[in-house]
Structures are given as C-alpha cells and as structure tokens.
There are 2 protein chains.
Amino acid sequence: MKNTGEEIDQTDLTWHQAGMARQTQKRTLETRARLVAVASDLVAQGGYTAMRIEEVVQGAGVAKGTFFSHFKDKDALMDLLIGARIDAYLDELEAAEPPQTIEDLVKLQLPLLQFMTSERYVFDVILRLSGAAAVSDVGPIAMTFERYIAIARRWFEVGTFRTDVSADLLAEGMQAFVAQALALNFCALHGDQTLSQRLVPYLRAWLQPGE
Amino acid sequence: MKNTGEEIDQTDLTWHQAGMARQTQKRTLETRARLVAVASDLVAQGGYTAMRIEEVVQGAGVAKGTFFSHFKDKDALMDLLIGARIDAYLDELEAAEPPQTIEDLVKLQLPLLQFMTSERYVFDVILRLSGAAAVSDVGPIAMTFERYIAIARRWFEVGTFRTDVSADLLAEGMQAFVAQALALNFCALHGDQTLSQRLVPYLRAWLQPGE
DNA sequence: CTCCTAAATTGACCGTGGTCATTTAATCTT
DNA sequence: AAGATTAAATGACCACGGTCAATTTAGGAG
C-alpha cells in the first residue's frame, strides 16, 4: 500500500507542496509493534476474551488514546491477531496434499476449526470480520476467507468430487457447512457430537451426492 | 414453564412453608409489558441498532435496575422482539403451499431473509442467539431455528427434491446456505448480487444435484 | 388493622470501549 | 540553529451495558 504513488516533478515544488505525506516515523512503528506484542502476550496468558485495551496500553507504556490512533477499534487488533493465526493454519493446508476423501478433508482442516471454536468470542469476531462492509477495509480475517476458498477450489478441481457444478461453488458450499458445524458446536442441543461427526455427513452429501 | 409444580399436602403447612413461591405480582407483569411496549416503539422508530436501555427505562418510567430484573441483559430483550418477528414470518411459511421449485423456495423465504438482513446488528444478534449454550436458556430465536428446520423438513419430504439423503439433512443444509448468503449480503466484495441470485445456485446444487 | 416477609424497585456506581481538544516531539525549510 | 509544520501521543471525558446493597411495596398471617 505504501510508496506506490507516481513520480512527481520536484523541480519547483517541495515534496510536501506536491501533496506527498510526510513519512511515518520510526517511533510509530515501534509503538505499534509494542502494542501488538503486549496484546499477543496477554492473549497467550488469558485468551482473547479476557484481553483488555487498558492492559495493553499499560503494558506498552502508552496512553489509551494512542491505541486508537494505531487501531480503529478493538476489533481491528483482534482482526490482526486472529487473522495471523488463521493464516498459519492455511499455510499448512496449502502445503498438504489435496485430500481425496471426505474424512481426509475434514481431518486436514480440524486444527483450524478447533482454533476457531476455542472461544466463543473468537468465533463471533471471525463471523463479524469475515466479510468487509467496504472494499477499503478488507482486513486480515476477510483475506483468510478469500484464501480458504482459493485453496479449497484447488482441491475440488483435482479431486474425486462431483463435477456437475464449479469447484468454486463447491468451495463456498463447504465454507457454509463448516460455519454451520462450528455454530452448532456452541449449541447445547447439538453439542454432543464432535465437529467431525457433524461435518462428514454434510460434506458427503454436498461433495459426493448419490454415491 | 409456570405452575407446573406437583401438588403438595397443605393440611398442616401454609403454602409458603411448603416451599411454594409467592405468586408474581400484577405489578410485575405491567412493568414488563410496559418495558416491552416502549422498546417495541423505539425499534419501530429508530431500528434495533439505535435502541438504548436508558431510553427504554425512561419511557417506561422505571429505574435502570428494574430492566435487568426483568431481562438478563439487552440480548434477552432483543431475543424476544426479534424472535417474535421471525415467528410471524414462519407462520406465513407454514401456511403456504410447499414450494415445488428452487425459485419458489427462495421467493417464499425472501421476506424473512430481508428482515434478517435489515440491520447488521439484527443479523449478529440472530447468529449469537440461534444456538443456546445451555438447554435451560433456549430463547425465542433459538426456538425459531428449530421451527424453521421442522418446516423445511416437511417441504423436502413431499417435494420434488433429492431423496438420497434425509429431509432433515437437506433442511439443515439449506439453513447453512441461507446463513452464508445472508453473511455475503453484508460483504462489499460480493454485495453486487441479490440474495436470490446468490441463493438459487447454491440450493439447486444442494437440493437437485445432477439435474 | 398491623406486622411480617418476600418480591419489586431504586439509583449510585462500575467496567470497558471509544473520542477529541490539547500538548509534545519529530522532521522539513530557510 | 531557529522557526514552521505536521505527526504522534496524551488523558480527561463520554456512552452505554450491567451490578448490587439499600429501600419500597404488595399481600398473607395473626
């Protein structure tokens, strides 16, 4: 995003008069890094639900207002932290061999799904940030959702699954079933089954109908 | 839920000594009714997002604490208000002829879906309350989700849809796709399509594979 | 009617996310 | 180096959901 502006004739203009923004100070990056590091630590200790902005700024040795000049709101920080975790799981999915059976498909994703349901709050944040209201604020989590679809699409292009509909549609459908299964995981009425148990019948009916 | 306690021998015990709770006062019901009425009015005026507990109690002429002795939290009130609206839409679905085509299926549900996406906040509340963490607090919205599945199941039992999997699975799958479509409705990257446009391909692939 | 108990109500208070006018610090200009 | 200009940081303040010890009120018991 940065430094992509076009070249500007500076012969009779200072770069400021030409409308260039003054460059970000080193201080800024340090402060931001400290905020993220402290937040990360706090999450490691007490989980996402318990993280408090007040504690983050105290730990980073800055005022509360400083936090909000670095992040739009608390969600933006969560977006970053949770998005990074999801990305790491997607790295593993991408590195793995494309799954050939429904069971493999579920098994491969299980670590990611378990992270997503590790705290109710985490799941809520993910749902809230999985789609961006404006193109300009597509955040880390929203990016991971795009990425997830892209990875799944590749699996369905080469795999042993139905071919009467596009791999893209199959991927989006799987996403829908995964979200459903995760939601039901928090539900007392259906909480007895494991994620896999719930997911496999769905995906079999979706990806291999009539078999 | 009320007055379901078993009969108790009262020959030598007052009903109070027998452990019966003193009956709810008329006052209670009036206060609660007033709170709900005011809240309902406020929602009608400014939408769910803008509703403030402070305004509700002011309008009802009670103290703030009173609200929370009637409702566990703000969500509980929203559960009631939104649940009632959804129930009304489900009444219509139940009264209608079972849809025979995908297009009819979507068209029939459209009013409900438009309500669910009328405000981002409403959608978030619905997602949050659609499953109850404990059996004891299955609220109005959670009930409507059970009801929705039951209605859809009946459609799929008599309709012109695939029969290789249970009608129950079909219903739950449709729910998943509907949720997905609603979520994408708030997403800038996919916001150009209408709900129907998004939903029809999904449901065709799910309910009538290979046709 | 009066006393007594439990239900209902009160409102000051708290936790926490978020704002913004003001102050401080860095960097550019001359 | 001094002055000008913008970025960064500050912290008092607000909004709003939620709590709870204290108070009021309803209605049965005597």
Side-chain angles (χ1 to χ4, degrees), chain A residues 2 8 10-35 38-39 42 46-79 81 121 124-125 128-129, chain B residues 2 10 12-35 38-39 42 46-79 81 121 124-125 128-129:
Chain A
K2 293 195 184 85
I8 288 179
Q10 297 188 6
T11 46
D12 56 357
L13 289 174
T14 67
W15 57 259
H16 173 248
Q17 285 170 317
M20 301 268 304
R22 195 173 270 188
Q23 69 181 2
T24 332
Q25 301 176 6
K26 206 191 311 171
R27 187 170 49 145
T28 310
L29 299 174
E30 291 169 354
T31 304
R32 188 188 159 97
R34 227 161 53 241
L35 286 169
V38 171
L42 288 174
Y48 293 88
T49 314
M51 198 253 268
R52 297 281 173 272
I53 301 299
E54 200 96 36
E55 290 183 64
V56 173
V57 294
Q58 260 176 29
V62 297
K64 202 172 186 180
T66 301
F67 177 88
F68 291 98
S69 67
H70 285 270
F71 298 95
K72 182 180 163 293
D73 51 23
K74 190 183 182 182
D75 271 2
L77 174 59
M78 287 301 177
D79 199 359
L81 297 179
Y121 173 69
D124 285 344
V125 170
R128 203 166 341 118
L129 303 181
Chain B
K2 294 196 182 85
Q10 297 189 7
D12 57 357
L13 288 174
T14 68
W15 59 256
H16 173 248
Q17 285 170 317
M20 301 268 302
R22 196 174 270 189
Q23 69 181 2
T24 340
Q25 299 177 8
K26 206 190 311 172
R27 187 170 48 145
T28 309
L29 299 175
E30 289 168 355
T31 304
R32 188 187 160 98
R34 227 160 53 238
L35 286 168
V38 171
L42 287 174
Y48 293 88
T49 314
M51 200 254 266
R52 297 284 173 269
I53 301 299
E54 200 96 36
E55 290 184 63
V56 173
V57 294
Q58 260 176 30
V62 297
K64 203 172 186 179
T66 300
F67 177 88
F68 292 97
S69 67
H70 284 269
F71 298 95
K72 183 180 163 292
D73 51 24
K74 190 184 181 181
D75 271 3
L77 174 59
M78 286 301 178
D79 200 359
L81 296 179
Y121 172 69
D124 285 344
V125 170
R128 200 166 342 117
L129 303 181

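On a predicted model such as this, the values are computed, not experimentally measured, just so you know. Per chain, numbering begins at 1; letters A, B, ... match sequence-line order.
- Taking atom CG on Asp75(A) and atom C1' on dG18(C), their separation rounds to 12 Å, with Å as the unit.
- Computed from coordinates, the Phe71(B) CZ to dT9(C) P distance equals 12 Å when rounded to whole Å.
- Side-chain N/O atoms of His70(B) include none lying less than 4.0 angstrom from OP1 or OP2 on dA8(C).
- The closest side-chain heavy-atom distance from Leu35(A) to Val62(A) is below 4.5 Å.
- Put simply, OH on Tyr48(B) is 20 Å from C1' on dG17(D), counting in whole angstrom units.
- Of all the heavy atoms in Thr49(A) and Tyr121(A), the pair that sits closest is OG1-CB, 3.6 Å.
- For Asp73(A) and dA15(D), the CG to P distance is 19 Å, given to the nearest whole Å.
- No side-chain heavy atom of Gln58(B) sits under 4.5 Å from any side-chain heavy atom of Val38(B).
- Residue Thr28(B) is in sugar-phosphate contact alone, with no base atom involved, counting any heavy-atom pair closer than 4.0 Å across all strands shown.
- Taking 4.5 Å as the limit, every side-chain heavy atom of Asp79(A) sits out of range of all side-chain heavy atoms of Phe71(A).
- Of the candidate nucleotides dA9(D), dG18(D), dA8(D), dG18(D) has the atom nearest to the side chain of Phe68(B).
- Which of dA25(C), dG17(C), dG17(D) sits closest to the side chain of Ile53(B) comes down to dG17(D).
- Out of dG18(D), dT9(C), dG17(C), the shortest distance to the side chain of Ser69(B) is found at dT9(C).
- Toward the 5' end of DNA chain D, the nearer of the two residues Phe67(B) and Lys26(B), judged by each one's closest nucleotide, is Phe67(B).
- One atom, CZ of Arg27(A), and another, C1' of dT6(D), lie 11 Å apart when rounded to the nearest Å.
- If you check dT9(C), dG17(D), dT10(D) against the side chain of Ala63(A), the one that comes closest is dT10(D).
- Taking only side-chain nitrogens and oxygens, Thr31(A) comes nearer than 4.0 Å to OP1 or OP2 of dA9(D).
- Following rounding to the nearest Å, Lys64(A) (NZ) and dG17(C) (C1') show an atom-to-atom distance of 6 Å.
- In terms of polar N and O atoms assigned as donor or acceptor, the side chain of Lys74(A) never comes within less than 3.5 Å of the base of dG18(C) in a complementary pairing.
- Tyr48(A) places a side-chain heavy atom less than 4.5 Å from the side chain of Leu81(A).
- In this model, the phosphate group of dA8(C) is not approached by any side-chain N or O of Thr66(B) to a distance below 4.0 Å at OP1 or OP2.
- Picking from dT9(C), dT10(D), dC16(D) the nucleotide with the shortest atom distance to the side chain of Arg52(B) gives dC16(D).
- Atom CD in Glu54(B) sits about 8 Å away from atom P in dG17(D), given to the nearest Å.
- Residue Met78(A) contributes atom CE, which lies 12 Å from atom C1' of dG17(C) at whole-angstrom precision.
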